[in-house]
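Inspection log for the structure reproduced underneath, given as structure tokens.
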Amino acid sequence: MSFNTMSTRTSTPSKGSRGEYLKQGSQRVLDHLDGKSSPWSCVTVVPRPHGPDAGEQSLKQVLSEHGDSYQVVSLLDSVARQSLRRLIDEHEYDIDVVGPPYLLYVLLDNDLISKDEFCTAIIEMIRTEGWTGYEVVKNAWASIPVDCAEILDDEYDDALPPK
């Protein structure tokens with residue numbers, strides 16, 4: 001599996017803060033992803049200041065050269081996902097291209113988390129990443145066949161899929 005990681009934050013969070021907790025957790029995940037025995041891999045792409053499609057282009061290059069090594073590519077941009085799917089079809093690779101929330105859906109689908117935990121985690125992901133625009137929120141939920149509106153109240157309307 002492959003993750004599209006784009007981080008432009010370089011500041012160090014203050015000791016004992018939520019930011020430090022999240023950074024340590026993220027580092028543990030990345031350490032596991034980079035481990036030789038892990039079936040996961042992490043592909044770092046160039047962040048936005050270097051061009052509007054830099055991340056997509058980086059992934060296209062990696063997939064063109066090493067597509068047989070990947071099963072799943074995850075990124076939020078729906079247009080970029082479509083573009084990657086075309087490349088994958090051209091090369092006849094067997095790779096799924098999904099939005100980041102879909103990875104949490106896999107946990108739900110395998111009964112590793114509850115529906116409440118799933119819905120709360122998706123809301124946290126959307127809010128933490130700052131995905132606030134109508135199309136971005138809609139795209140975040142597009143690949144998830146779960147209706148969280150029935151268990152979350154109006155407090156979460158900003159991060160639920162448009163009706």
Only pairs under 3.5 Å count here: list side-chain donor-acceptor contacts from residues 99-114, not counting sequence neighbours, and write none if there are none.
| from | atom 1 | to | atom 2 | distance (Å) |
| --- | --- | --- | --- | --- |
| Asn110 | ND2 | Val106 | O | 2.8 |
| Ser114 | OG | Glu117 | N | 3.0 |
| Ser114 | OG | Glu117 | OE1 | 3.3 |

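Remark: Glu92 engages no residue in a salt bridge (charged side-chain N to carboxylate O under 4.0 Å, His left out) (not counting sequence neighbours).
The distance from atom NZ of Lys138 to atom CD of Glu135, rounded to the nearest 0.5 Å, is 4.0 Å. Rounding to the nearest 0.5 Å places CG of Leu59 at 10.0 Å from CG of Leu87. Taking CD of Gln57 as the reference point, atom OG of Ser83 lies at 7.0 Å (rounded to 0.5 Å). Atom CZ of Arg85 sits about 12.0 Å away from atom CD1 of Ile95, to the nearest 0.5 Å. Atoms CG and SG, from Asp147 and Cys119 in turn, are 8.0 Å apart once rounded to the nearest 0.5 Å. Here Asn139 contributes atom CG and Tyr134 contributes atom OH; the two are 10.0 Å apart, rounded to the nearest 0.5 Å.
Using a distance-only test at 3.5 Å, with no hydrogens or angles considered, a donor-acceptor pair links the side chain of Thr128 to the main chain of Glu124. A donor-acceptor pair is defined here as one N or O able to donate and one able to accept, closer than 3.5 Å; no such pair exists between the side chain of His66 and the backbone of Val62.
In this structure, Gln82 and Arg86 have side chains that are in contact, with non-hydrogen atoms separated by less than 4.5 Å. Trp141 places none of its side-chain heavy atoms less than 4.5 Å from the side chain of Val146. Within the 4.5 Å cutoff, no side-chain heavy atoms of Leu75 are placed close to those of Val98. Counting only heavy atoms from C-beta outward, the side chains of Val73 and Asp96 never approach each other to under 4.5 Å.
A salt bridge links Glu150 to Lys115: at least one charged side-chain nitrogen sits closer than 4.0 Å to a carboxylate oxygen.
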